[in-house]
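In what follows, a single structure is set out as structure tokens and then discussed.
Bear in mind that the values here come from a model prediction, so they are computed numbers and not experimental data.
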Amino acid sequence: MTVAADSATGAASLVQSVDWLAIAPPVIAASVALLVLVAELFVEERRKPLLGYGAVAGLVAALAMLVPLRAGDRSTFCLTGTAQACSYTADHFALVIQALVLGGALLTALLSIADARKLPAGEFWFLLLSSAAGAALLPAARDLATLVVALEVASLPAFALVGIKRGDRRSSEAALKFFLSSVVATAVMLLGVSFVYAATGTLHLTEIAARLDDVPGQLSTLAEAGVVLTLVGFAFKTAAAPFHFWVPDTYVGAPLPIAAYLSVVGKAVGFSGIILVTVIAFPSYADVWGPALAVLAALTMTVGNLAALRQSATRARSAVRLLAWSSVGQAGYLLVPIAAAAYSSDAQIGSTVAYALMYAVVNLGAFAVAALVARTHPGNRLDDYRGLYATRPLAALAMGFFLLCLAGLPPGIIGLFAKVTVFSSAVDAGLGWLAVVMAVNVVIALYYYLQWTAALFRTPEPSPASDEAPAAPVHRVPAPVTLAIALTAVAGITLSGAPQLILRFATLSLF
């Protein structure tokens with residue numbers, strides 16, 4: 001009897017408790033994805049636009065569930081033994097990134113509603129919500145298995161979203177390039193994860209950190225290789241040079257709202273993964289990943305800005321290409337504080353998160369205006385924005401504000417302060433050379449951002465006959481697109497009015 005009772009007690013102790021409130025944001029997004037997919041079977045064709053509003057409601061509900069978690073003190077799926085290790089932690093870092101990715105998915109949904117009739121409704125909303133659920137899960141993941149699963153749940157639907165324009169050769173080519181590069185990245189990352197597991201015998205990030213401090217000599221090379229390969233895998237996901245080659249063609253071939261989604265949510269997912277594995281799992285190997293990330297940051301911002309500088313204003317879809325290359329350059333800035341954390345402290349991570357929040361707001365706004373312009377100018381050339389103020393003054397003012405924020409110039413104070421925090425993190429960590437490279441790249445970026453901004457307010461020129469569709473009446477602007485532009489503009493102006501929030505956020509301890 002005693003043995004049986006002890007066995008029963010031991011078996012019960014292996015059962016992990018589940019904190020449903022902690023996991024509510026990704027669970028709600030995933031549940032609404034399934035509901036939309038099933039509902040599409042029973043909804044009449046003329047009512048299928050309602051599925052988009054259902055997806056928007058689901059994302060709003062997922063965002064609302066972050067409010068009761070704001071204390072950042074919940075964990076679940078924890079080991080039941082003596083080790084204090086959990087697979088899911090809703091700390092402040094996780095909550096901020098979840099707000100970013102779910103907010104980005106919400107704005108993507110608003111931009112997509114206007115063109116939903118051109119796309120398979122059920123599949124589109126299911127894929128978008130599924131990807132958002134994986135993106136919301138990843139920043140809260142605290143073991144390598146959950147991290148990899150969340151990354152793939154966020155990535156796999158994105159492949160289909162890029163190629164969802166059936167019969168479009170450019171869309172299919174973009175999806176194939178995106179898929180092949182991501183498959184290679186995943187394979188490399190899984191190889192690195194397997195090496196780390198072989199060297200430490202655990203998948204939990206906190207346990208890995210403890211065991212990497214005392215790796216046997218015969219396994220040290222294996223552990224170092226695992227650290228490097230894991231980071232290379234995430235570098236693909238963040239579009240860090242030289243792993244950025246898929247970005248311009250993927251953004252151009254994808255539906256414009258999905259390009260916006262990849263530029264913000266896709267980057268947030270990749271950078272969250274890098275932060276988690278470097279700061280939490282691999283702090284003892286900072287001498288390995290710190291210099292590597294510093295070099296990647298310098299190379300990425302330089303390649304991205306120089307390529308953006310070379311975009312021709314008359315080339316088809318040059319506006320989207322410039323935003324694509326700009327996003328590569330911005331990825332370099334985001335890498336700087338992570339590299340700096342290897343030389344100073346984990347507090348530098350706050351600068352990356354603060355910059356990511358600024359970038360998410362203004363970049364989504366820029367894509368929203370691009371989506372508006374594309375309705376009358378399908379070619380989406382930079383020349384198509386010339387004289388935008390004469391026809392759509394509010395959209396032109398919003399676009400000018402977003403571009404100045406990305407450039408870091410007034411009145412885009414939020415962009416200026418975000419760049420200052422990133423620059424300060426490099427200086428504080430003793431990476432003076434990286435700060436110089438960043439300063440040079442900021443000057444390079446000023447040229448193409450200001451050139452685009454100036455074009456918005458120039459006198460429009462009559463364009464020659466082209467193969468583009470006739471322009472739609474100026475007053476016919478879909479309400480969801482207008483709402484997306486308004487939300488991003490209000491958020492950017494509000495943050496620019498209180499720039500001290502960026503500085504304060506950059507000094508917070510998020511873990």
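Between the side chain of Arg74 and the main chain of Ala71, no donor-acceptor pair closer than 3.5 Å is present. A donor-acceptor pair is defined here as one N or O able to donate and one able to accept, closer than 3.5 Å; such a pair exists between the side chain of Asn441 and the backbone of Val437. No donor-acceptor pair under 3.5 Å is formed between the side chain of Ser344 and the backbone N or O of Ala429. Between the side chain of Glu207 and the main chain of Leu203, no donor-acceptor pair closer than 3.5 Å is present. Counting only distance, with no hydrogens or angles, the side chain of Lys419 and the backbone of Leu406 share a donor-acceptor pair below 3.5 Å. Using a distance-only test at 3.5 Å, with no hydrogens or angles considered, no donor-acceptor pair links the side chain of Gln348 to the main chain of Ala340. A donor-acceptor contact shorter than 3.5 Å is absent between the side chain of Arg310 and the backbone of Ala307.
Considering every non-hydrogen atom in both Leu334 and Thr352, the closest pair reads O-OG1, 2.9 Å. Between Val336 and Ala426, the closest heavy-atom pair is CG1-CB, 3.7 Å. The nearest pair of heavy atoms linking Ala199 to Ala223 is CB-CB, 3.9 Å. The two residues Ala297 and Leu434 make their nearest non-hydrogen contact at CB-CD1, 4.3 Å. Between Ala33 and Phe126, the shortest heavy-atom contact is O-CD1, 3.3 Å. The shortest non-hydrogen separation linking Tyr285 to Val227 is CG-CG2, 4.2 Å.
Residue Leu147 holds its CG atom at 5.0 Å from CG of Leu138, rounded to the nearest 0.5 Å. Taking CZ of Phe282 as the start and CG of Leu205 as the end, the distance is 8.0 Å to the nearest 0.5 Å. The CG atom of Leu107 sits 5.5 Å away from atom CG of Leu364, with the distance rounded to the nearest 0.5 Å. The distance from the NZ atom of Lys267 to the OG atom of Ser327 is 3.5 Å, given to the nearest 0.5 Å. Between Leu151 atom CG and Lys237 atom NZ the span is 4.5 Å, to the nearest 0.5 Å. Considering OG of Ser130 and CH2 of Trp125, their distance stands at 13.0 Å, rounded to 0.5 Å.
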Exercise. Should Phe236 and Ser182 be marked as a side chain to side chain contact (heavy atoms under 4.5 Å, CB included) after you check the CA-CA gap, both sets of side-chain angles, and the distance that decides it?
Worked result: CA-CA 7 Å; Phe236 270 97; Ser182 292; over 6 Å; no
For this session: Output, in order, the C-alpha distance, side-chain angles, deciding distance and verdict of side chain to side chain donor-acceptor pair (under 3.5 Å) for Asp143 and Tyr88.
Result: CA-CA 8 Å; Asp143 69 62; Tyr88 187 102; over 6 Å; no
Exercise. Would Tyr359 and Val361 satisfy side chain to side chain contact (heavy atoms under 4.5 Å, CB included), going step by step from the backbone distance to the final call?
Worked result: CA-CA 6 Å; Tyr359 169 75; Val361 170; over 6 Å; no
Exercise. Hey, mind stepping through Ile444 and Val440 against side chain to side chain contact (heavy atoms under 4.5 Å, CB included) and telling me if it holds?
Worked result: CA-CA 6 Å; Ile444 294 173; Val440 171; 4.2 Å; yes
For this session: Show the numbers, then the answer: is there a side chain to side chain contact (heavy atoms under 4.5 Å, CB included) between Asn305 and Val442?
Result: CA-CA 9 Å; Asn305 286 317; Val442 168; over 6 Å; no
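At a threshold of 4.5 Å between non-hydrogen side-chain atoms, the residues Ile28 and Met65 count as touching. Contact check for Leu323 versus Ser263: no side-chain heavy atoms found under the 4.5 Å cut-off. Contact annotation: the side chain of Pro257 never approaches that of Phe367 to less than 4.5 Å [non-hydrogen atoms, C-beta and beyond]. Between Tyr449 and Ser326, the closest side-chain pair of non-hydrogen atoms falls below 4.5 Å. Looking at heavy atoms from C-beta onward, Ile164 lies in side-chain contact with Pro120 at the 4.5 angstrom threshold. Taking the side chain as every heavy atom from C-beta outward, Val153 and Ser131 never approach each other to under 4.5 Å. Between Val196 and Val193, the closest side-chain pair of non-hydrogen atoms is not below 4.5 Å. The shortest side-chain heavy-atom distance between Cys86 and Thr89 falls under the 4.5 Å cut-off.
Applying the ring-ring contact (aromatic ring centres under 6.0 Å, His included) test to residues at least two apart or on different chains, the pairs with a partner in residues 168-220 are Phe159-Phe178, Phe159-Phe179, Phe178-Trp246.
Of the N and O atoms on the side chains of Tyr355 and Gln330, at least one donor lies less than 3.5 Å from an acceptor on the other residue. Looking at Thr300 and Tyr333, their side chains never bring a donor and an acceptor atom within 3.5 Å of each other. Side chains of Ser425 and Asp428: no donor on one and acceptor on the other come within 3.5 Å.
Residues forming a ring-ring contact (aromatic ring centres under 6.0 Å, His included) with Trp289 (at least two apart in sequence, or on another chain): none.
Under a 4.0 Å N-O distance rule, the pair Asp249/Arg317 does not qualify as a salt bridge.
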